[in-house]
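Lettering of chains follows the sequences in order, A, B, ..., and the numbering in each one begins at 1.
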Amino acid sequence: MPRITLPDGSTREFDHPVTAHEVAKDIGSGLAKAVIGAKIDGEICDLATTIDRDCKLELITPVDRKTGESSDEALYLIRHSCAHVMAEAIQRVICPRIELVYGPPVENGFYYDMRLPEGVNFSSDDFEQIEAEMEKIIKEDRPFTRFEMPVDEGMKKLRDEGSKYKLDNAERAVEAGSDRLSWYATGEPGKNWEDLCRGPHVPSTGRIGAYKITSLASSYWHGDADSDSLLRVYGTAFADQKQLDRYLEQLAEAKKRDHRVLGKQLRLFHVDETVGQGLILWTPNGAVVRQELQNFISEELRKQGYQQIFTPHIGKLELYKTSGHFPYYQDSQYPPLIHHEHLKMLADDGCSCAQLANSMKEGEVEGYLLKPMNCPHHIKIFDSQPHSYRDLPVRLAEFGTVYRWEQSGEIGGMTRVRGFTQDDAHLFCTEDQLAEELVGCLSLVKIIFKTLGMEDYRVRVGLRDPDSSKYVGDPKNWGKAEQACREAAKGLGVPFSEEAGEAAFYGPKIDFVVKDVVGREWQLGTVQVDYNLPERFDLSYIGPDNQPHRPVMIHRAPFGSMERFIGVLIEHFAGAFPTWLAPEQVRVLPISEKSADYGREVFEMLKAAKVRVTLDDSNERIQAKIREATEWKIPYLLIVGPRDAESRQVSVRARGFMKDLGAIPLDDFVATVREEITTRGAATVIEEHFQAAATA
RNA sequence: GCCACCGUAGCUCAGUGGUAGAGCACACCCUUGGUAAGGGUGAGGUCACGGGUUCAAGUCCCGUCGGUGGCUCCA
């Protein structure tokens with residue numbers, strides 16, 4: 001008879017099979033009331049699950065009594081159950097003929113995919129009504145009742161009901177090894193709403209807590225673009241209103257630091273539909289941030305022995321045929337630029353687009369390509385001279401702008417664009433130098449992320465799929481390169497994962513993924529080993545044996561692109577850039593016209609010290625000037641009035657303190673702000689000046 | 001690319017087929033003030049673009065462009 005081990009190690013024995021709920025009752029009536037599910041030998045189950053064998057049992061309550069937080073399991077049960085309630089409400093409120101497809105819990109909530117019958121539609125305007133219906137179902141506190149059938153019988157039921165989607169789900173379950181199919185009725189089977197579902201669920205609808213329908217999207221059946229288009233309704237649910245409110249606040253907070261919102265507010269960049277989708281116009285403020293960042297990266301590159309180069313934005317088609325970019329990746333490139341005479345000739349001949357594409361592939365029409373990658377140009381620089389092994393490694397760096405035809409639905413803000421500038425570099429080295437070069441690439445990343453305070457990132461090492469033969473290069477070298485990537489990643493001291501099958505066909509790679517303050521992940525740069533391009537371009541160096549050898553290439557763009565990186569940076573800092581990056585570093589605010597002359601003097605002095613400073617000599621009151629300046633997230637505001645002019649001081653209001661920190665001599669301020677800027681924030685001397693005021 | 005929703009002043013947004021609105025920003029005037037909005041006046045619009053329905057369209061329909069959310073893709 002079942003002997004049940006609880007998480008604290010204690011055991012309970014029963015002389016008959018019991019349900020998880022009965023065990024909870026046996027422990028205490030309070031627990032029995034609170035509990036919403038169980039974990040039996042690590043597997044999450046309904047509370048009504050019968051236990052007839054020895055097992056480990058964990059009871060799931062909506063909220064942990066000690067921490068006040070919900071476990072992942074509790075949220076899983078609540079959200080999965082809420083998906084059912086939402087689906088029922090939608091069928092009742094919108095249309096009963098809506099076909100249900102699939103409704104799982106996901107991170108931060110749940111969704112339900114459904115197929116709408118012809119002519120039926122709904123929008124976010126209907127959310128309120130659906131939520132009202134959900135409220136009713138929850139108030140009724142109907143039990144989630146599980147019932148099972150043998151596969152044959154279950155399939156027949158589904159066929160009779162005529163839902164191809166549910167039938168498909170069942171077939172998949174059977175393929176995965178199920179010998180029975182299960183349904184959950186919200187109430188009484190055969191009488192109330194039901195759904196084919198593996199479960200588990202909370203015991204009854206009343207236990208769902210707080211919920212909200214969040215958005216509407218579309219999806220494809222099986223994720224296949226050629227298959228049926230489905231409507232996906234997103235929602236979220238929590239154990240209680242407080243948690244839901246907190247989540248919604250986080251969402252609102254995330255929206256406020258969205259780089260697209262801040263980009264507009266702080267005039268960092270502009271996208272103009274008449275210029276083109278996904279083409280970033282860097283406005284003066286954004287250009288400052290980018291320029292400062294590029295200067296910083298360039299300095300570090302020089303320290304590491306990189307040489308800076310410049311290459312044009314286009315190159316002959318032939319070049320990209322050699323590299324393999326054309327026509328292999330033609331779909332993700334802007335169409336080629338072709339010669340006038342060709343264009344004219346083809347037009348006169350009434351040539352179709354398809355014919356044109358064909359003749360370009362065949363080499364009958366020459367043209368140029370807007371470069372989708374910088375490597376071919378860099379390779380040509382490397383190859384413009386013979387190389388001795390003594391020259392290696394050669395490290396060529398360029399902030400190189402590339403253009404890619406991203407799918408229109410994917411483009412947005414600065415993080416997914418069609419024209420972008422990579423902090424690109426290509427390293428040409430010997431097989432033996434590879435490991436050390438990889439370490440060098442990663443140390444650069446480390447320095448820069450640290451300076452920017454972006455310490456919450458992880459590294460993904462992409463390795464070969466052991467079952468595939470698509471990879472180019474010597475398997476022995478691959479093994480060594482993979483090991484080198486692994487070691488280099490380890491040396492960073494941040495979490496990293498190895499992912500088999502994620503390598504490019506031409507070499508293993510290391511990707512950097514950063515997390516922003518609200519927990520979203522962004523893939524930034526990569527470091528990739530390449531055995532393919534040196535082969536394709538027939539690169540060589542002369543070794544100590546006086547024989548030609550093939551160099552190995554490393555592509556590295558550790559920040560991905562300036563666009564995406566700065567997009568992420570805007571969100572990371574919520575627009576409040578550290579002083580060295582801030583478009584406007586200091587603003588001088590004279591109290592009134594009486595102090596205008598001194599204000600101008602302060603302004604000129606800072607300008608001469610190469611500080612990005614402005615003077616607000618408008619005839620507003622000081623309160624209004626401060627408010628205005630605060631909205632621009634300027635690091636330092638200098639309030640100057642007759643008192644300050646008298647003593648040649650400035651009254652400092654530093655961003656983040658939101659109050660008057662007191663006055664310091666003008667010369668001291670200039671010197672300290674300079675130091676903060678040149679050390680890129682390593683010295684935050686200003687605050688030390690005001691220790692007492694700042695902490696008061 | 002696919003699906004849904006959206007596009008009104010520089011920005012944020014109201015606007016029920018019948019005379020295009022508010023707040024902020026901007027310009028000018030008054031105000032000259034010590035740490036998050038002083039007051040007044042004014043200017044600002046092809047309601048994304050193109051077609052259609054209607055006596056009448058910002059509003060309804062179709063198309064195009066663009067945005068948002070998702071799906072798919074991502075050298």
Looking at the base of rG70(B), is there any donor atom on it, or on the side chain of Tyr220(A), that sits under 3.5 Å from an acceptor on the other one?
no
Base rG34(B) paired with Ser651(A) side chain (donor-acceptor, <3.5 Å):
yes
How would you label the contact of Gly413(A) with the nucleic acid (heavy atoms, under 4.0 Å): base, sugar-phosphate, or nothing?
sugar-phosphate
Please set out all donor-acceptor pairs under 3.5 angstrom arising from side-chain atoms of residues 501-513 of chain A, sequence neighbours excluded.
{"unit_1": "Tyr506(A)", "atom_1": "OH", "unit_2": "Gln528(A)", "atom_2": "OE1", "d": "2.4"}

Any side-chain heavy atom of Phe110(A) within less than 4.5 Å of one from His80(A)?
no
Would a line drawn from the ring center of Trp405(A) to the ring center of Tyr334(A) be shorter than 6.0 Å?
yes
Checking Arg404(A) side chain against Arg418(A) main chain: does a donor-acceptor pair fall under 3.5 Å?
no
In terms of the angle between their ring planes, are Phe565(A) and Phe559(A) parallel, tilted or perpendicular, with boundaries placed at 30° and 60°?
tilted
So what does Gln623(A) touch, heavy atoms closer than 4.0 Å: a base, only the sugar-phosphate, or nothing?
sugar-phosphate
Quick note, Ala624(A) side chain, CB onward, closest among rG38(B), rC71(B), rG1(B) is rG38(B)
From CD1 of Ile639(A) across to P of rU35(B) the rounded distance in Å is 9 Å
Which whole-number value in Å describes the distance from Leu279(A) CG to rC65(B) C1'?
14 Å
Suppose we call a contact any N or O donor and acceptor under 3.5 Å apart; does that hold for the side chain of Asn619(A) and the base of rU32(B)?
no
Considering every strand shown, what is the Watson-Crick or G-U wobble mate of rG18(B) when both distances are under 3.5 Å?
rC55(B)
For a quick check of understanding: with a heavy-atom distance under 4.0 Å over all strands, which category does Arg232(A) fall into, base, sugar-phosphate or nothing?
sugar-phosphate
Report yes if a side-chain nitrogen or oxygen of Arg627(A) is closer than 4.0 Å to either non-bridging phosphate oxygen (OP1 or OP2) of rG38(B); otherwise report no.
no
May I have the distance from Asp331(A) (atom CG) to rC73(B) (atom P), rounded to whole angstrom?
14 Å
In terms of ring plane angle, is the pair Tyr111(A) and Tyr234(A) parallel, tilted or perpendicular, where the classes change at 30° and 60°?
tilted
Answer yes or no: side-chain N or O of Ser332(A) and base N or O of rA75(B) forming a donor-acceptor pair under 3.5 Å.
yes
For rA25(B) and rG18(B), measure between their P atoms and round to the nearest Å.
33 Å
Out of rG1(B), rG38(B), rG69(B), which nucleotide sits closest to the side chain of Gln407(A)?
rG1(B)
Contact class for Glu406(A) vs. all strands (heavy atom < 4.0 Å): base, sugar-phosphate, or nothing?
nothing
So what's rG50(B) paired with, Watson-Crick or G-U wobble, going by both distances under 3.5 Å?
rC62(B)
Side chain of Thr630(A) - closest among rG69(B), rA36(B), rA75(B):
rA36(B)
Could you state the atom-to-atom distance from CG of Leu266(A) to C1' of rC11(B) in whole Å?
13 Å
What is the nucleic acid contact for Tyr111(A), judged by heavy atoms within less than 4.0 Å: base, sugar-phosphate only, or nothing?
nothing
Is Gln277(A) touching bases, backbone alone, or none of the nucleic acid, heavy atoms closer than 4.0 Å?
sugar-phosphate
Whole-Å distance, Tyr636(A) OH to rU35(B) C1', equals 17 Å
Give Gly412(A) one of three labels, base, sugar-phosphate or nothing, depending on what nucleic acid heavy atoms sit under 4.0 Å from its own.
sugar-phosphate
When all nucleic acid strands are considered with a 4.0 Å heavy-atom cut-off, which category describes Ile622(A): base, sugar-phosphate, or nothing?
sugar-phosphate
At less than 4.0 Å, is any side-chain N or O atom of Lys625(A) found next to OP1 or OP2 of rU35(B)? Yes or no.
no
If each of Ser215(A) and Lys509(A) is mapped to the nucleotide of RNA chain B with the nearest heavy atom, which maps nearer the 5' terminus, i.e. the 5' end?
Ser215(A)
pair_partner(rC26(B)), Watson-Crick or wobble, both distances < 3.5 Å, evaluates to rG42(B)
Quick one: are Val652(A) and Leu637(A) in side-chain contact, heavy atoms under 4.5 Å?
no
Name the nucleic acid region contacted by Tyr506(A), choosing base, sugar-phosphate or nothing; use a 4.0 angstrom heavy-atom cut-off, strictly under.
sugar-phosphate
Need one value for Ala504(A): base, sugar-phosphate or nothing, where a base atom within 4.0 Å counts as base even if backbone is also close, heavy atoms only.
nothing
Answer yes or no: side-chain N or O of Arg416(A) and base N or O of rC74(B) forming a donor-acceptor pair under 3.5 Å.
yes
Please name the nucleotide paired to rC5(B) by Watson-Crick or G-U wobble geometry with both distances under 3.5 Å, or report none.
rG67(B)
Nearest whole angstrom, please: distance from the P of rG1(B) to the CZ of Arg404(A).
18 Å
N or O in side chain of Arg260(A) less than 4.0 angstrom from rU68(B) OP1/OP2:
yes
Check every strand shown and say whether Ser229(A) touches a base, only sugar-phosphate, or nothing at a heavy-atom separation below 4.0 Å.
sugar-phosphate
Starting at OH of Tyr112(A) and ending at P of rA4(B), how long is that distance when rounded to a whole Å?
21 Å
Compute the centroid of each ring, for Tyr636(A) and then for Phe669(A), and state whether the two points are separated by less than 6.0 Å.
yes
Which one, rG38(B), rU35(B), rG34(B), comes nearest to the side chain of Arg643(A)?
rG34(B)
Indicate, yes or no, whether a donor-acceptor pair under 3.5 Å links the base of rG34(B) to the side chain of Asp644(A).
yes
Under a 3.5 Å limit on both distances, the Watson-Crick or wobble mate of rU35(B) is none
Tell whether Arg653(A) reaches the base of rA36(B) with its side chain through a donor-acceptor pair below 3.5 angstrom.
yes
With heavy-atom distances below 4.5 Å as the criterion, would you say the side chains of Leu231(A) and Asp113(A) are in contact?
no
Which comes earlier along RNA chain B counting from the 5' end, the contact point of Leu230(A) or that of His222(A), where each point is its nearest nucleotide?
Leu230(A)
Using the C1' atom in both, what is the distance from rU41(B) to rG34(B), to the nearest Å?
29 Å
Length of the line joining Asp272(A):CG and rG67(B):P, which is rounded to integer Å:
11 Å
